[in-house]
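Notes to accompany the following structure.
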Number of protein chains: 2
Amino acid sequence: MERGRGALGPALELVHTGRAPTRAVLTAELGVTRATAGAVAAELEALGLIEVDARPGAAAGSQGRPSHRLSLAPDGPVVLAAQIHADGFRAALVGLGGRMVATAPGCMTVPADPAHIIDAVVEAGAGLLRGTGRRCLGAGLAVPSAVAEPEGTALNPLHLSWPAGAPVRELFTEALAKADVPGPGGTPALGVTGNDVNLAALAEHRHGAGRGARHLLCVATGHRGVGGALVLDGRLHSGSSGLALEVGHLTVNPAGLPCHCGSRGCLDVEADPLAFLTAAGRDPGPEVSLLQQSRDLLRTEYADPAVRAAAELIVDRLGLGLAGLVNILNPDRIILGGLHRELLEADPERLRAVVADRSLWGRSGGVPILSCTLDHNSLIGAAEAAWQPVLDDPLAALG
Amino acid sequence: MERGRGALGPALELVHTGRAPTRAVLTAELGVTRATAGAVAAELEALGLIEVDARPGAAAGSQGRPSHRLSLAPDGPVVLAAQIHADGFRAALVGLGGRMVATAPGCMTVPADPAHIIDAVVEAGAGLLRGTGRRCLGAGLAVPSAVAEPEGTALNPLHLSWPAGAPVRELFTEALAKADVPGPGGTPALGVTGNDVNLAALAEHRHGAGRGARHLLCVATGHRGVGGALVLDGRLHSGSSGLALEVGHLTVNPAGLPCHCGSRGCLDVEADPLAFLTAAGRDPGPEVSLLQQSRDLLRTEYADPAVRAAAELIVDRLGLGLAGLVNILNPDRIILGGLHRELLEADPERLRAVVADRSLWGRSGGVPILSCTLDHNSLIGAAEAAWQPVLDDPLAALG
DNA sequence: CGTATTTTGTTCAGCGTCGGCACAAAGTCA
DNA sequence: TGACTTTGTGCCGACGCTGAACAAAATACG
């Protein structure tokens, strides 16, 4: 157990993201000798993070001795993941590999101020934790707002009717301490907190439709406004102060609606669920979320010419915004979430054509545009962010 | 000379960028022990890359034994740097630290096709190399066009009247082989080729106004159109296929001029030298470059209300574009080049105010906006790109 | 059906690289 | 002048990896 310490983190990440099913490919991916890869795998197994099953080989068909299978330990440690959204919150325990172990939803019955809601979601998570005997190595929280770095304050938590600048990271860390949730190294967990779309992008990159992408762009719309996120070479790019990828104020309709930013025709007001419902001539009701209303309309009444025209209008605007982003960021894959995902699936070719048409030289316009594939990807992303210290240095985190 | 091999590259980079004036700070920056830092410095000195002067201490005023001074070897190796622009070309030899050792300009007397011009600039560089007895470790070329990766073709060399898709990297490498220019490891140089604004950003980040910035955005306009570049954590971000930061097609004037991209009011046609001259009511003449005409007008006739109004108009449009980029990229510094630099210096407050006003929450709008400070920054940037293999692994490159 | 071949896992020796420590050197401060 | 502070260097040991030899487990082939 002295061998293979430096490569411990990269090795765990490879198994975590499913890129190292056997020791043989682990050897190749790490670029080390078989001896080292074997020692690393043994160490990770000793730490209780992975398992080595001698029985089932990789894939039949190749000759030579079959390689043993590496898998994540089914009873390994977990992290506490939490998400707050317009309609409520959700807590979960998530193991390595993005596996959701337990989850508990909650609605907004508690007072709506940040401290109470964060306390409630952490308490829900701590309850799950008490239910299982598994070790907890950290905690992450996803909020529907830009989160300023390094302060950890929520700058525009609009759907939550929270005050701008709410110190969400601080509140989360305090709630974790109150609930005795442990973090890496045995110390109390410090609450990793981030924007929900950013964290969703991270999750999709590791376990979803973004796997293998070098530069991944995610765009999504849930309730109001449009969010973006960018993963560069496997790491989230959130800018120098956490405010990158505020894509909602790209101009997509010069003669369009005024936006609170002072301009007109921003993506935020021209391509979100409200814009779709309005374009389709429907009055949004207060009973269910705007996303749900839009989704229902799109799925059940797409044959209606007015609905279809509204969808195409929003797709055209979204395509204009995506083309602008492609020209600036040149990603090699785009993933859409929320209503944008539904619109993509309703008419994949139209969106791709608009993006290709408005990107320079059409070349980078050929970028694949996909739907996100993970359920609760913001929640999984919050867990990913919480796992990061463990992936960076498993020994220190387990210590 | 057995110690300190892994830290060799990082150490050289620190001295190269002026961040390690003494062994003491080298120790701190590398995060190693004094013993290792000393061994690394000794190794770099043995390789002929740096010098250790025992005489002059760092800065007086602190107590304790004064640290020896680390400096770049004045007669160390060089790289061949080349730049092609609308009015001609320029070749140079550049040492570590961005020090121009020798330079030779050239004009467009040779036939204007890519192969001839690249042959001419390489031959000029090879001539400089024969003039000095210094070792050459690589070569870099800056062209005023997006360069597709990994092919190395120039996609829009508009000002050069070259065919789109000219294989500039291939031509450059062939010319280097023809002229017997050596590269890292003693093998023939493989010609590193990139967009001029991208390379200028790299140079400014290492030796100019961008030093110390984590996320650096550069925007510049020379002849026609507007170019952008982004340095993230010290590395150039050129996207998945080299086409990132094509910022010229951000909409800054919805009712503006039609652009060849199919839209209207793009930064490319609304904030370049031609747009400025036109706004000022001047007919651009064919004798000198548009940049030169704009610069002269701005410097000599800024008192003229029409000129001033034109400058403010362009500044407002540029500010709108920069604000859009700030919202997406959240850099911690912006550097302007070409006419944009002149406009910034004519009225710094106006541009900063527009950017702050149109960025979200004003917060990230407070990003510092500076002029570039290096002469020939694209040329120095081409050299930086050529130095990269040496900085990554000095031993292999010197081999 | 047995042997050759291929690929994988493990053990062990060796060594390069770095940290830690002790000591020397070269200044400042009182 | 002497105490203190900071820097440079030599030496030893430990850690982490490579490389080679050997063993194991499958397929391919006669």
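Naming: A, B, ... by sequence-line order, numbering from 1 per chain. Just so we're clear, the structure is a prediction, and the values are computed from it rather than from any experiment.
Each of G38(A) and G64(A) was assigned the nucleotide of DNA chain C with the nearest heavy atom; the assignment lying further toward the 5' end belongs to G64(A).
Using the six-membered ring where Trp is involved, H207(B) and H16(B) have ring planes that are perpendicular, over 60° apart on the 30 and 60° scheme.
Each of dG19(D), dG8(D), dA28(D) was ranked by its minimum atom distance to the side chain of A35(A); first place goes to dG19(D). Considering only side-chain atoms of T33(A), the nucleotide from dA25(D), dG8(D), dT18(D) that sits closest is dT18(D). In this structure, the nucleotide among dG8(D), dA28(D), dC17(D) sitting nearest to the side chain of A7(A) is dC17(D). With dG16(D), dT5(D), dG9(C) as the candidates, the nucleotide lying closest to the side chain of R34(A) is dG9(C). Candidate nucleotides dG9(C), dG8(D), dG19(D) were compared by shortest atom distance to the side chain of R23(B), and dG8(D) ranks first. Out of dT18(D), dA26(C), dG16(D), the shortest distance to the side chain of P66(B) is found at dA26(C).
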- Task: Give the intermediate values and the outcome of side chain to side chain contact (heavy atoms under 4.5 Å, CB included) for residues L96(B) and L49(B).
- Result: CA-CA 8 Å; L96(B) 283 170; L49(B) 296 173; 4.2 Å; yes
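Going from atom CZ of R69(B) over to atom C1' of dT6(D) covers 17 Å, rounded to whole Å. Here the C1' atom of nucleotide dG27(C) and the CD atom of Q63(B) are 9 Å apart, to the nearest Å. D53(B) places its CG atom 16 Å from the P atom of dA26(C), with the value rounded to the nearest Å. Straight-line distance from the CZ atom of R5(A) to the P atom of dA14(D): 14 Å, rounded to whole Å. Taking atom CG of residue L70(A) and atom P of nucleotide dT8(C), one finds them 13 Å apart after rounding to whole Å. Here the P atom of nucleotide dC18(C) and the CG atom of L26(B) are 12 Å apart, to the nearest Å. Atom NE2 in H68(A) sits roughly 7 Å away from atom P in dT10(C) (whole-Å rounding).
R19(A) and T17(A) share a side-chain donor-acceptor pair at under 3.5 Å. Checked by atom type, the side-chain pair N330(B)/S238(A) shows no donor-acceptor distance below 3.5 Å.
Look at S67(B) and you'll find a side-chain N or O under 4.0 angstrom from OP1 or OP2 of dG8(D). Distances shown here put a side-chain N or O of T36(B) below 4.0 Å from the OP1 or OP2 atom of dG19(C).
Remark: side-chain polar atoms of E204(B) are paired, donor with acceptor, to backbone N or O of A209(B) under 3.5 angstrom.
Side-chain N/O atoms of R65(A) and base N/O atoms of dT7(C) include no donor-acceptor pair closer than 3.5 Å.
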